[in-house]
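Below, chains carry the letters A, B, ... as their sequence lines are ordered, and counting in each starts from 1. FYI, side chains are in, hydrogens and waters are out, and symmetry mates aren't considered; it's all heavy atoms of this structure.
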2 protein chains.
Amino acid sequence: MAKTDRVEPSRRDAGEEQGSLRQLMEELPLWKRPGYLIRRVHQLHYALFFEEVGESDITPVQYGLMTILSTNPDIDQIAIATKLGIDRTNVADVLRRLERAGLVERRQSEVDRRAKLVRLTQAGREMLSRHYPDMTRAQARLLACLDAKQRDAFLDALVTIIEANNQFGRSSLTNEAGGTETKISKGRKKRSTE
Amino acid sequence: MAKTDRVEPSRRDAGEEQGSLRQLMEELPLWKRPGYLIRRVHQLHYALFFEEVGESDITPVQYGLMTILSTNPDIDQIAIATKLGIDRTNVADVLRRLERAGLVERRQSEVDRRAKLVRLTQAGREMLSRHYPDMTRAQARLLACLDAKQRDAFLDALVTIIEANNQFGRSSLTNEAGGTETKISKGRKKRSTE
DNA sequence: GATAAAAAAGGGGTATACTGATCGATAATA
DNA sequence: TATTATCGATCAGTATACCCCTTTTTTATC
């Protein structure tokens with residue numbers, strides 16, 4: 001980690017005033033915080049994905065969304081959000097870009113004129129197939145440093161965490177299974193528009 | 001096609017046209033893709049962080065940046081980017097918000113007039129201390145579903161992955177250790193501005 | 001059938017994150 | 001010294017991701 005980057009190495013004694021905070025940090029530095037580590041790994045996956053799939057201008061989220069469409073044609077945007085685990089407004093953004101690229105098409109549902117049903121175009125299906133090996137390679141490279149047992153345990157832990165916490169956030173899966181009203185955005189505090 | 005919109009779970013047989021793609025997806029569906037799972041966990045951590053620390057309008061990245069400042073006062077922005085593992089342009093964005101909130105202050109370095117040295121204000125230090133328990137609680141809650149052994153293995157795997165892949169992305173740590181010229185944004189493909 | 005509740009989509013706003021490019025200051029070299 | 005290369009910061013642009021709020025349509029209730 002190399003404590004002394006470019007900044008003067010000896011410059012650390014300026015933190016006198018911090019006092020107890022300093023030792024607080026030593027108890028639980030960044031590299032012990034799961035949230036920090038997960039953010040880093042998340043970014044690494046993005047970088048690997050772009051390196052493997054990059055020239056197609058497709059992002060991991062877009063690929064994931066199209067994966068869902070491939071097995072769920074004519075789905076509406078909220079159902080996509082639920083399955084993908086992202087916010088519904090974000091789904092609309094992603095779909096707009098995919099539609100602009102000609103990879104999906106949206107049309108009004110005749111049954112429910114509020115809903116817009118989405119499906120892959122032929123180009124979308126081809127894109128998905130063509131880059132499937134690339135996507136898989138990106139996934140594999142990310143975990144290449146772990147042996148099979150570690151890898152399984154790691155994926156297991158991720159799934160466990162998601163299932164144990166999926167009541168949080170707008171993108172939870174709760175609104176299809178449990179019909180209680182205390183589900184969406186209940187625990188979120190507002191960000192105070194400032 | 002277009003029968004049921006809203007898409008019931010049992011509605012999977014509509015994917016006739018996809019053919020081989022469909023079975024491709026069954027081999028490696030979303031829930032087997034580490035990148036997808038990590039994104040979900042990343043978002044869950046954000047949600048938990050906001051639930052615990054939320055009323056302060058502080059984000060995980062901002063808290064992490066201030067944590068670094070607490071042990072590295074008078075650091076420049078590129079050094080922050082290296083330590084935090086984010087892009088340097090993003091550091092500038094985050095700092096701008098923190099400065100606006102009065103939590104950090106920037107001043108020109110006298111030694112190197114290109115550099116702007118950053119440090120916490122008193123308000124920043126207080127904020128960091130005050131919400132330390134909240135932040136810790138958010139971290140703990142995320143992994144509360146794992147037992148101690150799983151937790152250690154999980155954190156271990158995260159660190160392993162980061163260290164094994166840290167040559168990717170603008171936010172890598174490589175440019176301090178290895179002095180070769182092939183380091184930054186070498187493997188990235190451009191996104192083709194469309 | 002009229003009214004109220006809920007659902008789907010969209011608009012507006014903000015934060016994170018990265019790319020490419022530029023620009024001023026410093027360092028290294030001719 | 002003058003030129004060149006590099007470094008730190010910043011700007012413009014884009015994508016992801018979330019919030020709140022509104023509009024339109026549907027469904028449920030009276």
Side-chain angles (χ1 to χ4, degrees), chain A residues 5-7 39-40 42-43 46-47 50 54 57-62 64-65 75-82 84-98 100-101 106 108-109 111-118 168-171 175 181 184-185 188-194, chain B residues 5-6 39-40 42-43 46-47 49-50 54 57-62 64-65 75-82 84-98 100 106 108-109 111-118 168-172 175 181 184-185 188-194:
Chain A
D5 319 6
R6 49 216 74 220
V7 165
R39 183 177 58 72
R40 301 284 312 248
H42 176 237
Q43 287 170 203
Y46 258 71
F50 283 126
D57 266 358
I58 276 291
T59 69
V61 170
Q62 290 170 5
L65 199 159
I75 195 177
D76 68 281
Q77 300 185 188
I78 290 189
I80 293 173
T82 302
L84 240 196
I86 66 181
D87 191 89
R88 39 177 143 73
T89 63
N90 191 20
V91 168
D93 287 337
V94 176
L95 282 177
R96 188 171 36 73
R97 291 175 209 116
L98 288 174
R100 195 177 56 194
R106 282 188 290 181
Q108 210 79 25
S109 165
V111 202
D112 183 344
R113 274 205 304 286
R114 295 170 302 181
K116 283 190 177 174
L117 304 185
V118 189
F168 301 110
R170 248 207 208 180
S171 45
N175 37 340
E181 73 295 325
I184 285 279
S185 84
R188 302 303 282 273
K189 270 109 176 176
K190 45 216 52 170
R191 311 284 301 282
S192 113
T193 65
E194 156 232 9
Chain B
D5 345 344
R6 202 52 190 86
R39 182 176 60 70
R40 299 287 309 251
H42 177 237
Q43 287 171 202
Y46 257 71
F49 187 95
F50 283 123
D57 268 357
I58 278 291
T59 69
V61 171
Q62 291 171 5
L65 199 157
I75 195 177
D76 68 281
Q77 299 186 188
I78 290 190
I80 293 173
T82 303
L84 241 196
I86 66 181
D87 189 87
R88 58 182 186 285
T89 63
N90 191 20
V91 168
D93 287 338
V94 176
L95 281 178
R96 187 170 38 71
R97 289 174 212 118
L98 288 175
R100 195 177 55 194
R106 283 188 289 181
Q108 210 80 24
S109 165
V111 204
D112 183 346
R113 273 204 303 288
R114 295 170 299 183
K116 283 189 178 174
L117 303 185
V118 189
F168 300 109
R170 248 202 206 181
S171 47
S172 74
N175 38 338
E181 71 298 322
I184 286 278
S185 81
R188 304 301 284 274
K189 269 113 176 174
K190 45 216 52 167
R191 311 283 298 283
S192 115
T193 65
E194 158 223 10

Separation of D:dA12 atom P from B:Asn90 atom CG, nearest Å, is 17 Å
Tightest non-hydrogen contact, residues B:Phe50 and B:Pro60, listed as CZ-CD, 4.3 Å
Looking at A:Gly85, is its backbone amide N or carbonyl O close enough to the side chain of B:Gln43 to form a donor-acceptor pair, meaning the two atoms are under 3.5 Å apart? yes
Taking D:dG8, D:dC18, C:dA9 as options, the one with an atom nearest any side-chain atom of B:Ile78 is D:dG8
Could I get a table of every N or O pair under 3.5 Å where one atom is in the protein and the other is in nucleotides 23-26 of chain D?
| from | atom 1 | to | atom 2 | distance (Å) |
| --- | --- | --- | --- | --- |
| D:dT26 | OP1 | A:Arg113 | N | 2.9 |

Margin query: So A:Val61 and A:Tyr46, do their side chains get closer than 4.5 Å, heavy atoms only?
Written below: yes
Between A:Arg96 and B:Arg96, the residue closer to the 5' end of DNA chain D by nearest nucleotide is B:Arg96
Testing D:dC18, D:dT16, D:dT10 for proximity to the side chain of B:Ala92, the answer is D:dT10
Against the side chain of A:Thr59, the closest entry in D:dT16, D:dG8, C:dC18 is D:dT16
Result for 5'-nearest mapping on DNA chain C, choosing between A:Asp93 and A:Lys116, is A:Lys116
Sequence neighbours excluded, the answer for side chain to side chain donor-acceptor pair (under 3.5 Å) partners of B:Arg114 is B:Asp112
Rounded to whole Å, CG of B:Asp87 lies from C1' of D:dA9 at a distance of 12 Å
- Hey, does A:Val118 have a side-chain heavy atom less than 4.5 Å from the side chain of A:Asp76? no
Taken to the nearest whole Å, OH/A:Tyr46 to C1'/C:dT19 is 15 Å
When rounded to whole Å, the CD to P distance for the pair A:Gln62 and D:dT14 reads 14 Å
In whole angstroms, the gap separating P of D:dA15 from CD1 of A:Ile86 amounts to 14 Å
The side chain to side chain contact (heavy atoms under 4.5 Å, CB included) partner of B:Leu65 among B:Thr59, B:Asn90, B:Ile80 is B:Ile80
Which of C:dA9, D:dT10, D:dC19 is nearest the side chain of B:Arg88? It is D:dT10
Taken to the nearest whole Å, CD/A:Gln43 to P/C:dT19 is 10 Å
For A:Gln77, the side chain to side chain donor-acceptor pair (under 3.5 Å) test, sequence neighbours excluded, returns A:Arg106
| Check: B:Thr89 side chain, D:dC11 base, donor-acceptor under 3.5 Å | no
In whole angstroms, the gap separating P of C:dT16 from CZ of B:Phe50 amounts to 8 Å
- Message: I want to check one thing: is the phosphate of C:dG10, taken as OP1 and OP2, less than 4.0 Å away from some side-chain N or O of A:Gln77?
- Response: yes
To the nearest angstrom, the CZ-P distance between A:Arg39 and C:dT16 comes to 10 Å
Checking D:dA15, C:dT16, C:dA9 against the side chain of B:Arg97 (C-beta onward), the nearest is C:dT16
A:Arg106 has its side chain closest, among D:dT16, D:dA17, C:dG10, to C:dG10
Next item on the list: Would you indicate, yes or no, if C:dA25 has its OP1 or OP2 atom less than 4.0 angstrom from a side-chain nitrogen or oxygen of B:Gln108?
Entry: no
In terms of heavy-atom contacts, B:Gly64 and B:Leu84 come closest through C-CD2, 4.0 Å
